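Please read the structure below before turning to the comments.
Here the structure is a predicted model, which means the values were calculated and not measured. These values consider heavy atoms only, across backbone and side chains, with no hydrogens, waters or symmetry-generated copies.
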Amino acid sequence: MGIKFNFRKKANVDRWQRKMFYASRLFFPGKFFLLSEYDGIKFNRVFLHLCENFKPVERPQFTFHWTFSRKPFSVHAMDAFGKVFVPAQIEGKWMSKWLEEGCFDKRIEEGKEPFCILMPPPNVTGVLHMGHLLNQTLQDVFTRHARHCNRCVTWIPGTDHAGISMQVKVEMELAKMKISRREIGREKFLEHAYAWRNKHGGIIFSQLQKLGVSCDLKNSVHTLDEDYSRGVLSAFVELHKRGYIYRGKRMVNWCPATMTALSDEEVAMVSQRARLYYVKYEIVERPGNFIEIATTRPETIMGDVAVAVNPGDERYENLIGLHCRRPLNSSDIPIIADAAVDKNFGTGALKITPAHDSIDFEIGQRHGLPIIDVLSSDGTLNALAGEEFAGLDRFIAREKTAEKLKKIGALVKVEDYENSIGVSERGNVPIEPRLSEQWFLKYPKIEEAKRAISGGFVKFYPKRWEKTYLHWMENIRDWCISRQLWWGHRIPVWYRKNSNRSDPGNWHVSVEGPADPGNWEQDEDVLDTWASSWLWPLGVFGWPDQEKMKEKDFHYFYPTDILITGPDIIFFWVARMIIAGLEFAGPGKKSLTDGEIKSRIPFKNVYFTGIIRDKLGRKMSKSLGNSPEPLDLIEKYGADGLRFGILLSAPQGQDLIFNEENMVLGRNFCNKLWNAFRFSRMNRQCQPFSKTSLGDILSRVEVQDLDIDDQSILLGLVKFCCAFEKHMKNFEVNAAINTTSSFFWGEYCDWYVEASKVRLREGNETVFAVHDVLMRQLLLILNPFIPFITDELWNFGDSAQRSMQSVRCETAKDLEEAFKALQLKNETMEVVSRLREFINITRRLISQSNGMESRRVLHILPKNPAAREIVNSHMAKLKKLTAMEKIEFTGEVLQFSSAQTPFGVIFLESEKSNTSGEREKITEQIEKISALIKLNETKLGNMEFVNHAPANVVEGVRKMLAENIAKRSELQKILATL
RNA sequence: GGGGAAUUAGCUCAGUUGGUUAGAGCAUCAGCAUGACACGCUGGGGGUCACUGGUUCGAGUCCAGUAUUUCCCACCA
């Protein structure tokens with residue numbers, strides 16, 4: 001076929017245009033040719049008019065990528081087996097097969113090590129996003145890996161009822177039908193909510209199946225399931241009994257949008273541009289004199305009950321104890337002194353509004369001040385704010401009050417000011433510090449929870465998160481667990497009808513409720529979602545029902561092995577689960593021993609993933625619209641390609657920038673694997689892997705037929721498995737996958753396959769067997785990462801199609817044991833690396849003397865007889881890999897371009913000689929090597945170095961020096977003859 | 001205000017307890033239609049390891065400081 005075309009003759013033609021031209025001549029000798037436009041996102045077909053009147057066209061923005069091949073339609077001996085891997089053809093098939101076979105079912109066998117992993121329950125309303133992709137793939141990798149390690153595996157999935165976000169969603173749905181939840185009441189609302197959940201909930205699992213996750217869906221748990229709910233309520237009742245839960249009127253974070261209290265963790269601090277208003281209050285006892293305060297919230301002035309100054313502030317010393325006049329809703333309020341006031345902020349005088357600020361509240365408490373709450377629960381001002389402002393939204397009221405202050409001359413000035421305010425994560429509005437009666441939890445087992453981490457019972461990966469965790473534990477505050485919502489676990493507390501609810505004497509706290517329900521009213525509120533999910537590791541096993549726990553194998557699987565989640569919920573969830581485990585995974589106890597901690601922790605390892613960001617470093621989110629649709633990615637690159645790609649870009653715990661190029665790499669990798677397998681089985685019949693074992697394959701090997709490539713690749717396989725196991729043990733998935741890729745692609749494909757081609761063509765059965773050993777092991781190792789394609793290849797040629805899922809993967813140790821009979825020699829690796837070096841140098845020489853080597857004959861001046869022998873015994877292979885027609889030995893220096901190899905100097909025969917160029921090249925090399933020699937010599941001349949450095953390092957330098965000197969004299973010899 | 005992380009090739013990142021001449025992929029440039037793979041193969045170029053000091057015979061690696069980026073925590077109205 002060789003149409004040769006010398007592009008160099010065409011001046012000023014871009015590379016891509018030359019390629020197109022070349023391609024067009026090859027395939028469409030007429031006037032048109034077809035190519036695919038590829039901009040990394042989508043393919044389009046375009047026609048370009050070329051050839052006859054070929055003119056350079058302006059380079060377009062996208063890059064071109066031609067997708068044809070010289071043999072685009074050629075069909076191989078294995079016609080079922082296309083040369084391009086098409087994921088869509090096999091993915092659906094395998095998922096249903098796995099489910100059919102029950103591959104993901106929980107298994108328990110005596111004497112086997114358990115492995116349990118709990119899926120962080122996605123929101124029941126959730127759909128698959130990029131975060132899940134990473135998180136779930138990682139879990140799946142560990143789960144499938146554990147299956148290959150012969151462990152009894154269960155991966156328990158589930159969903160979270162997602163209190164606020166679910167309720168907001170349902171309310172929005174209802175709003176579309178012009179229904180408000182207050183109108184229809186609690187019961188009806190919950191009916192709607194359940195209906196909605198049953199219809200839309202759990203979509204995520206069908207999406208996850210497309211990704212190939214191998215969780216046990218039959219044992220899926222939902223936080224509102226009957227059993228789980230009973231656990232949540234029992235925990236409440238038990239904690240109340242043990243004195244950790246109390247009801248009280250406190251400052252809480254109030255979300256005016258969803259009208260509920262929130263925990264501190266649900267409030268995010270966001271910096272904003274605000275204004276600082278300076279307002280003067282007239283001193284009652286000294287008319288005409290004023291005290292000036294600074295505030296960002298003039299709308300709360302009507303709630304002022306005092307003005308406070310620092311007791312050490314000389315400016316205001318003589319005012320303490322006097323009164324000033326509140327400018328709005330006029331009233332006289334005292335001027336007090338409190339150390340909490342910062343002299344240096346604003347004017348140094350602080351207006352005290354105990355109902356709307358937590359510092360003010362505390363100051364108010366200290367001075368016995370009254371509380372005037374001017375805000376309603378929805379964030380509007382109420383009657384106490386005065387007629388003028390009542391009913392206004394807090395932000396409108398801010399403007400209005402400022403206007404009014406200006407009008408009455410109380411407003412001194414307004415400054416721009418940047419501060420940070422708490423924002424409700426769900427409602428996405430600023431929260432309001434609000435005094436309200438709520439249920440609080442004083443965390444139990446804090447000391448033990450700290451010890452669980454510092455004592456190494458629970459290990460964090462990466463370790464640095466331990467600090468964050470411990471810091472939170474040090475500064476922990478009581479948890480507000482009640483929510484003014486309907487969707488969730490209703491608080492199991494009943495109050496005697498028409499009684500004072502603040503009096504615990506009127507309470508009934510139990511899971512079942514009072515015996516005479518007619519006389520009681522249940523608390524209206526539900527529990528914080530996290531107050532149910534913190535029991536996840538217990539609840540999924542049926543806690544606290546001992547029978548159910550036995551049935552669900554709590555004692556076998558608990559503590560679970562690894563939790564994989566994002567560091568953003570380290571406080572929300574991870575820390576609290578540890579606390580819950582310590583408190584509840586055993587009989588109630590005030591304090592725990594180390595042994596008890598060890599048995600009560602919910603998981604032994606926590607793997608924190610990074611956050612997926614876009615190219616600009618922004619978090620990927622729906623609202624920003626910067627997140628690709630995961631299902632589209634699966635369609636484009638295949639589930640395997642996507643999994644591979646995402647793992648490739650996910651170093652442990654480091655945020656990762658999403659790069660679609662990695663998915664391309666993943667897809668390419670799968671294709672390479674596909675083709676490597678295709679090649680290894682080409683033109684021959686052999687047992688599918690599903691029907692054969694390592695022993696079967698090894699029995700096909702004739703030991704005397706093993707050449708050095710076979711030996712060194714098998715030894716390399718053991719070494720690689722060793723490294724792989726180490727990475728997996730340390731949860732370094734990224735490193736594991738990199739090691740695998742470089743062994744498979746770099747060692748197996750690039751070297752061994754090429755090197756063994758000659759013998760393969762001769763039909764050497766031993767070589768076939770070695771290929772099978774490698775392919776088999778690689779498929780087993782890769783299966784957790786790319787399950788679909790590996791299972792397909794594993795079963796190739798087997799009509800039964802049984803998943804490789806639970807086939808035990810040989811460890812490095814197993815392989816070593818099995819290879820003993822092959823008598824592999826370690827020194828073969830060394831020889832092979834020299835052969836590879838020889839070939840590389842030769843190829844470089846050919847490439848450098850581009851066009852000069854018309855004869856393709858290589859002469860070697862062998863270093864010694866041993867080198868000569870090695871070259872001789874690998875002649876066919878060397879010729880093939882260097883594309884030489886002839887490789888000959890010579891006894892003298894030749895006048896061709898030369899290079900130094902481990903076996904001696906080589907000379908590339910050519911028609912034209914270029915002695916001056918050669919001389920220049922060699923002189924340059926001599927200079928370079930002389931510099932190195934000098935470096936080595938100074939090092940060795942330094943007695944400090946020789947005395948201090950370890951012997952092997954010094955020895956290494958000595959050896960290098962000797963080698964360099966030898967090389968240099970060789971070069972000098974060549975130079976002399978030129 | 002406190003704490004963590006990052007800074008290595010044009011881009012995305014590896015880099016073991018300090019030890020030969022700092023690696024990979026992508027991109028780029030040059031060559032290639034070779035019975036597995038152009039989603040491929042071969043080769044080349046490209047780095048003052050953010051900066052400044054220190055420890056050491058020896059620092060990308062350890063220490064201190066600076067700069068930039070970033071995340072978390074925190075009740076200055």
Mind checking [X] for me? I need base, sugar-phosphate or nothing, with any heavy atom below 4.0 Å counting as a touch.
{"X": "A:Leu935", "value": "sugar-phosphate"}
{"X": "A:Asn419", "value": "sugar-phosphate"}
{"X": "A:Val753", "value": "base"}
{"X": "A:Tyr417", "value": "sugar-phosphate"}
{"X": "A:His471", "value": "sugar-phosphate"}
{"X": "A:Asn662", "value": "nothing"}
{"X": "A:Phe571", "value": "sugar-phosphate"}
{"X": "A:Cys749", "value": "base"}
{"X": "A:Val957", "value": "nothing"}

Next on the checklist: Using a 6.0 Å cut-off, check whether atom NZ of A:Lys879 has over 12 heavy atoms from anything other than its own residue.
Outcome noted: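 Yes, the 6.0 Å shell around NZ holds more than 12 heavy atoms from other groups.
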Next on the checklist: Heavy-atom count check: over 12 atoms from other residues, nucleotides or ligands less than 6.0 Å from A:Glu924 CD?
Outcome noted: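 No - once you tally the heavy atoms of other residues, nucleotides and ligands closer than 6.0 Å, there are 12 at most.
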Please state whether the phosphate of [N], meaning OP1 or OP2, lies under 4.0 angstrom from any side-chain nitrogen or oxygen of [X].
{"X": "A:Arg297", "N": "B:A77", "result": "no"}
{"X": "A:Asn659", "N": "B:C11", "result": "no"}
{"X": "A:Trp745", "N": "B:A36", "result": "no"}
{"X": "A:Arg477", "N": "B:C75", "result": "yes"}
{"X": "A:Lys757", "N": "B:A36", "result": "yes"}

Checklist entry - On the ring face of A:Tyr752, is A:Lys757 found with NZ or CZ under 6.0 Å from the centre and within 45° of the axis? => result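 So A:Lys757 doesn't make the cation-pi contact.
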How far, in whole Å, is [M] from [N] if one measures between their [atom1] atoms?
{"N": "B:C32", "M": "B:C51", "atom1": "C1'", "value": "45 Å"}
{"N": "B:U48", "M": "B:G43", "atom1": "C1'", "value": "28 Å"}
{"N": "B:A38", "M": "B:A33", "atom1": "P", "value": "14 Å"}
{"N": "B:G10", "M": "B:G47", "atom1": "P", "value": "7 Å"}
{"N": "B:A50", "M": "B:A22", "atom1": "P", "value": "15 Å"}
{"N": "B:U56", "M": "B:C75", "atom1": "P", "value": "45 Å"}
{"N": "B:U12", "M": "B:U28", "atom1": "C1'", "value": "16 Å"}
{"N": "B:G15", "M": "B:A9", "atom1": "P", "value": "15 Å"}

In the structure shown, which nucleotide is the Watson-Crick or G-U wobble counterpart of [N], with both distances under 3.5 Å?
{"N": "B:G46", "answer": "none"}
{"N": "B:G60", "answer": "none"}
{"N": "B:U68", "answer": "B:A6"}
{"N": "B:A27", "answer": "none"}

Checklist entry - Relative to the 5' end of RNA chain B, which residue comes earlier, A:Ala294 or A:Asn668, by the nucleotide with the nearest heavy atom? => result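 The residue closer to the strand's 5' end, by nearest nucleotide, is A:Asn668.
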Item to check | Of A:Pro950 and A:Thr296, the one whose closest RNA chain B nucleotide lies more 5' | outcome: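 Between the two, 5'-proximity favours A:Pro950.
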Side-chain donor-acceptor pair under 3.5 Å between [X] and [Y], yes or no?
{"X": "A:Asn475", "Y": "A:His471", "result": "yes"}
{"X": "A:Glu266", "Y": "A:Asn253", "result": "no"}
{"X": "A:Glu292", "Y": "A:Tyr281", "result": "no"}
{"X": "A:Thr300", "Y": "A:Lys351", "result": "yes"}

Item to check | Side chain A:Lys672 and base B:C39 donor-acceptor under 3.5 Å | outcome: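 In this structure, the two groups form no donor-acceptor pair.
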